[in-house]
Amino acid sequence: MPELPEVETTLRGITPSLLNRRIVSLDVREPRLRWPVQIPSDVCGKRIVRLTRRAKYLLLYVDAGALILHLGMSGHLRIVSGNVPPGKHDHLDILLDHGLALRLTDPRRFGSLHWQPHPVADHWLLRNLGVEPLSDAFTGDYLFARSRRRRAAVKNFLMDAHVVVGIGNIYANEALFKAGVRPRIAAGRLSRARYREIVARIRETLTTAIGQGGTTLRDFVGSDGRPGYFANELLVYGRQGKPCRRCGVMLKGLRVGQRSTVYCPNCQR
DNA sequence: ATAGTCACCTGAGCGC
DNA sequence: TGCGCTCAGGTGACTA
């Protein structure tokens with residue numbers, strides 16, 4: 001479900017309810033997420049002092065370290081009143097000292113929750129991540145340098161979290177359309193100029209999507225329960241066989257690295 | 001190091 | 001209604 005814009009939307013939504021609150025308890029009803037959930041009990045009683053996002057991970061900092069939360073494919077977080085009975089896929093609650101709780105709902109259970117003492121960035125899930133796409137480090141020159149001698153499709157290259165984080169299948173498709181680049185071109189064959197364009201379009205796409213509260217395809221909702229509205233602005237994702245919104249030519253669908261891919265054979269070269 | 005495939009799960013949608 | 005199949009927003013593990 002969530003790519004960077006959806007995680008960022010979630011972060012912004014939950015922060016006011018969590019910041020400076022004490023964790024009263026963790027209620028893990030289903031520990032069988034992507035990795036077994038095992039959180040030391042002394043996290044309880046600690047105050048949440050900072051909330052950030054790294055890649056698609058949400059980091060909830062207390063003094064000694066941070067909880068690291070990932071939403072997987074189907075996860076979302078809601079702020080609920082502590083006494084609302086959990087539904088079938090509401091796997092865990094983090095109860096707070098003002099009576100509200102952060103509740104993780106995740107039907108497919110690809111999400112995860114870890115605890116990491118300082119330094120948090122040393123956690124094995126975070127250690128080898130690439131640059132943030134909305135940071136100054138993400139430039140056309142960076143992508144150009146990293147892509148040399150790489151024969152994999154540029155779409156896979158952009159979705160490789162060792163290179164750049166946060167770009168999933170929707171936004172890879174969208175950004176490549178806007179940049180006019182075919183998804184299957186070998187990453188190592190694109191020019192510096194084309195990577196500059198790709199970077200600009202990725203930034204633009206992610207920023208716009210964040211402004212719309214992310215993309216809701218079926219079940220994503222922000223922490224307030226509202227869907228994201230970027231789905232209305234999708235230019236290619238999920239539109240194979242339909243006319244290109246720019247030129248009217250029929251969009252083509254194919255598989256690139258096991259993921260559904262859509263492009264315009266006229267606008268993308 | 002890089003590239004490709006598999007696996008982990010549940011639910012929705014579709015054809016029959 | 002039900003069955004079986006395919007697909008889905010992610011990503012680590014494994015293989016060559």
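Just so it is clear, the structure is predicted and the values come from calculations on it, not from any experiment. Residue numbers start from 1 in every chain, and the chains themselves are labelled A, B, ... in the order their sequence lines are given, proteins ahead of strands.
- Residue Tyr171(A) has no polar side-chain atom (N or O) positioned under 4.0 Å from OP1 or OP2 of dG9(C).
- A stacking contact between Phe110(A) and dT11(C) is absent: the pair does not combine a ring-centre distance of less than 5.5 Å to the base's six-membered ring with planes differing by less than 30°.
- Comparing dC6(B) with dT6(C), their P atoms sit 14 Å apart, to the nearest whole Å.
- Among the heavy atoms of the strands lying under 4.0 Å from Tyr57(A) are primed sugar atoms or P, OP1, OP2 only; no base atom is included.
- Taking the P atom of each, dC7(C) and dT5(B) are spaced 15 Å apart, rounded to whole Å.
- Donor-acceptor pairing under 3.5 Å, judged by distance alone, is present between the side chain of Arg108(A) and the base of dA8(C).
- Taking atom CG of residue Leu33(A) and atom C1' of nucleotide dT11(C), one finds them 15 Å apart after rounding to whole Å.
- With rounding to whole Å, Gln258(A) atom CD is found 6 Å from dT5(B) atom C1'.
- Rounded to whole Å, atom P of dA1(B) lies 14 Å from atom CZ of Arg149(A).
- Taking side-chain N and O atoms only, Arg255(A) has a distance below 4.0 Å to OP1 or OP2 of dA8(C).
- Relative to the six-membered ring of Tyr61(A), Arg50(A) meets both conditions, a distance below 6.0 Å and an angle of at most 45° to the axis.
- Rounded to an integer number of Å, the gap from CG of Asn173(A) to C1' of dC7(C) is 15 Å.
- Checking the phosphate oxygens (OP1, OP2) of dA8(C), a side-chain nitrogen or oxygen of Ser260(A) falls inside 4.0 Å.
- Distance Glu30(A) CD to dT10(B) C1': 12 Å, rounded to the nearest Å.
- For the pair Leu71(A) CG and dG10(C) C1', the computed distance is 11 Å after rounding to whole Å.
- In plain terms, the two heavy atoms of Pro107(A) and Ser74(A) that are nearest each other are CD-O, 3.4 Å.
- In DNA chain B, runs of at least 3 stacked Watson-Crick or G-U pairs (N1-N3 plus N6-O4 or O6-N4, or N1-O2 plus O6-N3, all under 3.5 Å) give these stems: B:2-8 with C:10-16, B:10-16 with C:2-8.
- Using a 4.5 Å cut-off on side-chain heavy atoms (C-beta onward), Ser112(A) and His114(A) make contact.
- Contact between the side-chain N/O atoms of Arg151(A) and the OP1/OP2 oxygens of dG4(B) is not found at any separation under 4.0 Å.
- Comparing Gly257(A) and Arg146(A) along DNA chain B, the residue whose closest nucleotide (by nearest heavy atom) sits nearer the 5' end is Arg146(A).
- Using a 4.0 Å cut-off between a side-chain N of Lys or Arg and a carboxylate O of Asp or Glu, Glu197(A) and Arg201(A) qualify as a salt bridge.
- Between Trp115(A) and Trp35(A), the ring centre distance reaches or exceeds 6.0 Å.
- Whole-Å rounding puts the Asp160(A) CG to dA3(B) C1' distance at 10 Å.
- The NE2 atom of His162(A) sits 15 Å away from the C1' atom of dG4(B) (whole-angstrom rounding).
- The side chain of Lys88(A) has dG11(B) as its nearest neighbour among dA3(B), dG11(B), dG12(C).
- Look at His70(A) and you'll find a side-chain N or O under 4.0 angstrom from OP1 or OP2 of dT11(C).
- Between the side chains of Arg53(A) and Tyr57(A), no donor N or O sits under 3.5 Å from an acceptor N or O.
- Residue-level contact check: Arg150(A) touches the backbone only, with heavy atoms under 4.0 Å from sugar-phosphate atoms and none from bases.
- Of the P atoms belonging to dC9(B) and dC14(C), the separation is 16 Å, rounded to the nearest Å.
- Residue Lys56(A) has its side chain nearest to dT11(C) when only dT11(C), dC9(B), dA13(C) are considered.
- Contact between the side-chain N/O atoms of His89(A) and the OP1/OP2 oxygens of dG11(B) is found at a separation under 4.0 Å.
- Taking only distance into account, the side chain of Arg34(A) meets the base of dT11(C) through a donor-acceptor pair shorter than 3.5 Å.
- Residues Leu4(A) and Val165(A) come closest through the heavy atom pair CD1-O, 4.4 Å.
- When the side chains of ILVMFWY residues are joined at heavy-atom separations under 4.5 Å, either directly or via intervening members, Ile94(A) and Leu11(A) end up in a single hydrophobic cluster.
- Closest to the side chain of Arg109(A), from the set dG4(B), dC9(B), dG11(B), is dC9(B).
- A donor-acceptor pair shorter than 3.5 Å cannot be found between the side chains of Asp141(A) and Thr139(A).
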